[in-house]
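Below is one structure, written out as structure tokens, with a few remarks after it.
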Amino acid sequence: DREVETSPHPNWGQVQFKDQIGKFNFGQIPEKALVKTPVQVTLIEVHTAPDGVSTEKVLGIGSVKCSALLNGECHPSPPLAVIKDGAIEVAAVEFAILWQENPAPWFASKIRGETVTFPKVLIKQDAIHDEESELSLHLVHGGQTYTIPVEGDVKTQKTALHGTTAIEFGPAFLESWMPCPVGVTDNKCESPRLELYQGSQTSAIAIANLPPIEWTSQTAMHGTRAGPFSSAGSALIVPSEVALYKPGTGRETGTEAVCFVDMNTKV
């Protein structure tokens, strides 16, 4: 059996490991062995003291097993290991497991850096409590919150507002932008979401999880290649629309959205 460790990463409630892919190449493995043998994962907390001395504590153990392979990709996808300390669930770990002669191109196609902008923000007048207060969007992703100031004339619905800041993200799995997998409790996973704030209020006036971004959809990305002289390998701009609702409401309750946000993701 082979054992591989990730590098320690800061924990903001949701951790994305960014080690080199080649570190996790387990070499030649028979297909039958991959499908039948569970992969065990141990979650370790690393504490580094001011003097530089590190101590480790095992938080829990879990395992994951491929039920089937589809074009070399482990299914169900993504494979999910629930980490337990005894009978108590403490975390969930998503995997990407591939059985191919050369898996590097597949992983390379799934890992991208992104730049997110918000060119249009439409807000219903009755959602704004004070027309003189500043508005901001909060993008929650990967356990961290990114604030985007919103500018424009809030006194009329005929004028679209816009975000003034572009948020850049380093290379990571595109799947990290997907909603939490079914079966994972809210305290073990946080779906990417948008929140709308006004002034000094500490509670959002509108909120919504991001819809699944169609990274590979030819329809969604048709004609969105960035720049008039872009080559085949240049960045694409993937548009999506996010409908935000008052907290405690949503599409499933039949409530109308109070804010619509155009979000462009450059990959």
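The nearest pair of heavy atoms linking Ser176 to Pro192 is O-CG, 3.7 Å. Residues Ala208 and Ala243 approach most closely at CB-O, 3.1 Å, considering heavy atoms. Across all their heavy atoms, His162 and Pro119 have their closest contact at CB-O, 3.4 Å. Here the closest heavy-atom approach between residue Ser63 and residue Pro38 is recorded as CB-CB, 4.3 Å. The two residues Lys36 and Lys65 come nearest to each other via the heavy atoms O-CD, 3.5 Å. The two residues Ser203 and Tyr197 make their nearest non-hydrogen contact at C-CE2, 3.5 Å.
Taken to the nearest 0.5 Å, the CZ atom of Arg2 stands 9.0 Å off from the CD1 atom of Ile29. Summarising the geometry, atom CD1 belonging to Ile148 is positioned 10.0 Å from atom OG1 belonging to Thr117; distances are rounded to the nearest 0.5 Å. One finds the CG atom of Asp153 at 8.0 Å from the CG atom of Leu161 (value rounded to the nearest 0.5 Å). Atom OG1 of Thr165 sits about 8.5 Å away from atom CD of Glu151, to the nearest 0.5 Å. To the nearest 0.5 Å, atoms CZ (Arg193) and CG (Leu244) are separated by 11.0 Å. With rounding to the nearest 0.5 Å, the separation of OG in Ser133 from CD in Gln201 is 7.5 Å.
Residue Val64 is grouped with residue Val90 when hydrophobic side chains (ILVMFWY) are merged at heavy-atom distances under 4.5 angstrom, including chains of intermediate members. Grouping the Ile, Leu, Val, Met, Phe, Trp and Tyr side chains by contacts below 4.5 angstrom, directly or via other members, places Ile111 apart from Leu236. Criterion: ILVMFWY side-chain heavy atoms under 4.5 Å apart, direct or through other members. Under it, Ile44 and Leu59 are not part of a common hydrophobic cluster. Hydrophobic cluster membership is shared by Trp99 and Ile97, with clusters built from Ile, Leu, Val, Met, Phe, Trp and Tyr side chains linked at under 4.5 angstrom. One hydrophobic cluster holds both Ile205 and Phe118 under the rule that ILVMFWY side chains link at heavy-atom gaps under 4.5 Å.
For Thr37 (side chain) and Ala33 (main-chain N/O), a donor-acceptor pair under 3.5 Å exists by modelled atom type. Formation of a donor-acceptor pair under 3.5 Å by the Asn71 side chain with backbone atoms of Glu73 is not found in this model. Distance alone, capped at 3.5 Å, is enough to place a donor-acceptor pair between the Ser191 side chain and the Cys180 backbone. Although no hydrogens or angles enter the test, the distance criterion places no donor-acceptor pair under 3.5 Å between the side chain of Arg251 and the main chain of Tyr245.
Looking at Ile213 and Leu174, their side chains never come closer than 4.5 Å, going by heavy atoms from C-beta outward. With contacts defined as side-chain heavy-atom distances shorter than 4.5 Å, the pair Val116/Tyr146 does not qualify. Considering only heavy atoms from C-beta on, Phe260 comes within 4.5 Å of Glu241 through its side chain. At least one side-chain heavy atom of Leu210 sits less than 4.5 Å from a side-chain heavy atom of Leu194. Considering only heavy atoms from C-beta on, Val121 comes within 4.5 Å of Cys259 through its side chain. Residues Phe95 and Phe24 have side chains not in contact (no heavy-atom distance under 4.5 Å, counting atoms from C-beta outward). Met263 places none of its side-chain heavy atoms less than 4.5 Å from the side chain of Lys120. Looking at heavy atoms from C-beta onward, Lys246 lies out of side-chain contact with Thr255 at the 4.5 angstrom threshold.
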Residues His47, Lys57; criterion side-chain contact (heavy atoms from CB on, under 4.5 Å); working and verdict:
CA-CA 8 Å; His47 175 72; Lys57 175 185 177 183; over 6 Å; no

Stepwise side chain to side chain donor-acceptor pair (under 3.5 Å) test for Asp19 and Ser7
CA-CA 7 Å; Asp19 296 277; Ser7 302; 2.6 Å; yes

Stepwise side-chain contact (heavy atoms from CB on, under 4.5 Å) check, Phe26 with Leu34:
CA-CA 11 Å; Phe26 282 77; Leu34 177 60; over 6 Å; no

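Atom CD of Glu256 is surrounded by 12 or fewer heavy atoms from other residues, nucleotides or ligands within 6.0 Å. Other residues, nucleotides and ligands contribute more than 12 heavy atoms inside 6.0 Å of the CD atom of Gln100.
Under a 4.0 Å N-O distance rule, the pair Glu114/Arg112 does not qualify as a salt bridge.
Ring-plane geometry between Phe17 and His9 is classed as perpendicular, the angle between the planes exceeding 60 degrees on a 0 to 90 degree scale with a lower cut at 30.
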